[in-house]
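Worksheet: one structure, shown below.
Numbers for residues simply follow the sequence, beginning at 1.
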Amino acid sequence: MLIVDDIPSQVDSIAATIPKAELGIARIHKAYSGEEALAIFREHPIQLVITDIRMPEMSGVELIQEIRRMNQKAKLIVLSGYADFEYAQSIVPYNTSGYLMKPVNPEQLRAMLEKLVDEIADELKVHTQQQRSVYAYRENLPSLRGELLGRLLSDGRVPDAELQRKLSLLELPFSSQQDTGMFIVRLEGRMQDYRRMDRALIEYAVMNMAEEVFHDAFHLWFCLDQNEYLVCVASPIAGRDGLFSGMDRSALDCRAAKLKKKAESLLNNSLSIALAVNGTAFPEGLPKQYRMIVNGIRAIEEERRQSVFLRVADQPEPFAIGNMTSLYKPPLLLHLLDTGNWAGADKKLSEIFNELRSVHYPPEYANEAYFTIAGAYQFMAHKKGKLLSELGSSTFGLMPAAPSLAQLERWAYVILRGIQELFRDQADKQKVSLIDKVHHYVEQNMNGCLSLQTVAAHIGLHPAYLSRAYRAETGINLSDYILKYRMELATYMLRSSDKKIYEIAQTLGYQAVPHFIKLFKAHSNMTPQEYRERAVLSSG
């Protein structure tokens with residue numbers, strides 16, 4: 001607080017009447033001229049000033065004018081004699097907070113100071129809240145930008161007016177129909193195995209390096225997609241005349257290559273960059289261009305973990321469209337897990353991923369495999385009263401849709417080990433070995449006589465003991481397992497082969513076709529012919 005009057009006794013008198021402690025005023029500064037008051041005001045963070053209106057050399061009005069040039073929020077109280085009332089009206093434009101007549105009434109001064117101190121406290125709270133809001137906004141700005149870009153990449157329709165508003169709010173210098181470029185960064189080598197938090201730091205570092213490399217010619221807009229690829233959209237910076245000269249493809253290509261070299265040098269690790277050779281119109285062309293680059297980078301063998309610089313000009317070679325064989329061929333993964341056949345489950349996963357790698361499937365097939373595998377895993381986890389997210393490290397659990405093949409494979413084996421560990425207390429090695437032998441014999445002799453007696457004879461155990469041991473370990477009867485396996489194999493053959501129904505029946509060990517048809521209808525609520533016709537219609 002600052003008190004200003006050219007009469008020292010007046011200053012001292014006013015200061016003596018102010019209850020500093022009660023009002024929460026830390027310090028009272030005294031000045032005996034306008035120039036002295038300005039010097040103090042510049043040096044200290046003063047929020048409240050009491051000044052006389054009539055002073056030699058620099059009047060109170062002139063002092064208030066100078067203070068307002070420096071600070072618009074300081075509270076100003078003007079003191080004046082009765083004769084100066086009209087002169088004091090000249091201070092009205094300067095937003096003063098109060099006017100007191102001399103001699104000053106201590107009670108009036110106290111009441112006015114209480115009011116102004118409360119106002120200052122309220123304004124400080126508002127200012128603090130505003131600062132927190134600005135800080136929170138700045139802290140969340142990258143994620144807000146990423147969410148909007150992710151929505152545009154996934155073909156999420158954003159009305160033009162809403163998009164323009166969000167672009168302005170998020171300080172993104174992109175506009176409708178602007179020519180843009182795009183590239184994707186994929187971490188390689190050991191960085192693929194980093195925890196999410198560590199990967200986030202690496203990605204942040206890559207974004208900063210990209211800003212340094214591109215800052216002179218391009219605006220960049222990043223997001224992390226569901227495949228954990230770093231996607232960047234680039235737009236040209238306007239020239240000094242405020243006009244865009246168009247997208248310089250060569251400059252974008254050179255800077256992307258420079259980014260790769262710089263990042264690999266500083267991170268001491270490798271990364272791949274896939275760059276769209278052609279540009280696209282913002283925002284309509286983003287989804288198609290994004291899918292084109294993702295399909296291009298996925299065409300590279302992910303398990304090599306070698307860095308590449310890929311220029312994607314056109315859609316990669318046509319995808320093979322059809323049903324995945326290994327995913328649905330009995331024994332199903334769910335069946336293997338439910339019967340505790342861990343070696344079989346491991347083998348089934350190997351078959352699934354070998355097929356995904358050997359055939360040029362589109363990324364959607366990795367998604368299909370994920371949902372099928374996750375469904376089997378969830379069934380097993382829920383059976384033990386657990387959520388799938390509780391298995392494995394925090395990096396795993398449920399994954400985002402459309403994982404990359406490398407992500408999916410790593411996830412599948414980690415969760416399999418978690419489920420195996422979850423059921424370890426039920427596993428007796430001797431019994432598991434016994435179950436594996438039973439299942440192997442059943443699978444190899446599907447068209448023969450599969451009875452409890454024949455299986456027991458092959459294993460070398462008494463039928464009654466085998467029956468009890470199998471049920472204790474798997475929770476179902478051996479005959480139920482054989483029937484279920486035959487029916488699953490029948491649905492697979494009806495769907496994927498041209499064999500006649502009697503041939504399928506014989507392959508599965510049923511010599512009497514009517515008996516097979518009866519069992520199949522009980523299993524699927526339709527005859528084999530009806531099932532085949534429905535499967536043909538759904539695939540056509």
Side-chain angles (χ1 to χ4, degrees), residues 186-194 196 199 225-229 272 274 294-308 316-381 388 391-393 395-422 436 439-440 443 488-489 492 495-496:
R186 186 178 73 189
L187 303 182
E188 303 289 9
R190 64 177 183 272
M191 290 190 293
Q192 286 269 347
D193 299 321
Y194 284 178
R196 180 64 254 162
R199 285 174 63 92
D225 74 357
Q226 57 194 3
N227 308 300
E228 296 191 348
Y229 297 157
S272 292
V294 168
N295 292 337
I297 200 170
R298 280 185 172 175
I300 305 167
E301 293 182 55
E302 292 180 84
E303 59 272 17
R304 289 187 318 175
R305 301 199 175 188
Q306 295 176 354
S307 68
V308 297
E317 62 182 277
F319 291 123
I321 306 298
N323 288 327
M324 287 184 61
T325 303
S326 57
L327 196 60
Y328 302 107
K329 182 179 180 180
L332 301 177
L333 178 63
L334 175 61
H335 191 190
L336 294 167
L337 294 172
D338 199 24
T339 56
N341 188 350
W342 307 113
D346 202 290
K347 181 181 176 183
K348 170 63 79 171
L349 290 180
S350 178
E351 291 172 354
I352 292 170
F353 291 111
N354 285 338
E355 181 181 1
L356 284 171
R357 279 189 292 267
S358 63
V359 182
H360 191 47
Y361 282 129
E364 189 173 313
Y365 279 69
N367 205 19
E368 180 184 1
Y370 163 65
F371 283 121
T372 302
I373 296 170
Y377 285 172
Q378 285 176 302
F379 173 82
M380 296 300 292
L388 192 59
L391 303 182
S393 68
T395 310
F396 295 94
L398 284 173
M399 294 181 68
S404 68
L405 190 55
Q407 279 181 293
L408 178 60
E409 186 170 14
R410 190 165 64 251
W411 168 84
Y413 281 106
V414 167
I415 300 299
L416 176 62
R417 301 298 172 243
I419 292 174
Q420 190 172 358
E421 185 66 30
L422 193 63
D436 288 343
H439 289 170
H440 180 73
E443 292 167 14
E488 288 177 352
L489 193 54
Y492 175 76
R495 205 170 53 236
S496 60

Give every residue pair that meets the salt bridge (charged side-chain N to carboxylate O under 4.0 Å, His left out) criterion with at least one member in residues 326-336, sequence neighbours excluded. none
About how many Å separate CD of Gln420 and CG of Asp346, when rounded to the nearest 0.5 Å? 8.0 Å
Is there a donor-acceptor pair under 3.5 Å between the side chain of Ser272 and the backbone N or O of Val308? yes
Sequence neighbours left out, what passes ring pair (Phe, Tyr, Trp, His ring centres under 6.0 Å) with His335? Give chain and number order. Tyr481
Backbone of Ser326 reached by a side-chain donor or acceptor of Glu355 within 3.5 Å: yes
Start with the C-alpha distance between Tyr229 and Leu187, add both sets of side-chain angles, then the distance that settles side chain to side chain contact (heavy atoms under 4.5 Å, CB included), and finish with yes or no. CA-CA 8 Å; Tyr229 297 157; Leu187 303 182; over 6 Å; no
Drop me the distance from Lys348's NZ to Leu332's CG, to the nearest 0.5 angstrom. 6.5 Å
Show, in sequence, the C-alpha distance, side-chain angles and deciding distance for Gln378 and Ile415, and conclude whether the side chain to side chain contact (heavy atoms under 4.5 Å, CB included) test is met. CA-CA 10 Å; Gln378 285 176 302; Ile415 300 299; over 6 Å; no
Salt bridge (Lys or Arg N to Asp or Glu O under 4.0 Å) partners of Asp225, counting only residues at least two apart: none
Can you name the residues that form a side-chain contact (heavy atoms from CB on, under 4.5 Å) with Leu334, not counting sequence neighbours? Ala376, Phe379
Residue set satisfying salt bridge (Lys or Arg N to Asp or Glu O under 4.0 Å) with Arg495, at least two apart, ordered chain then number -> none
List for me each residue that meets side-chain contact (heavy atoms from CB on, under 4.5 Å) alongside Ser496, sequence neighbours excluded, and say none if there are none. Tyr492
Flag the pair Leu337 / Trp342 as yes when at least one side-chain heavy-atom distance between them is below 4.5 Å, and no otherwise. yes
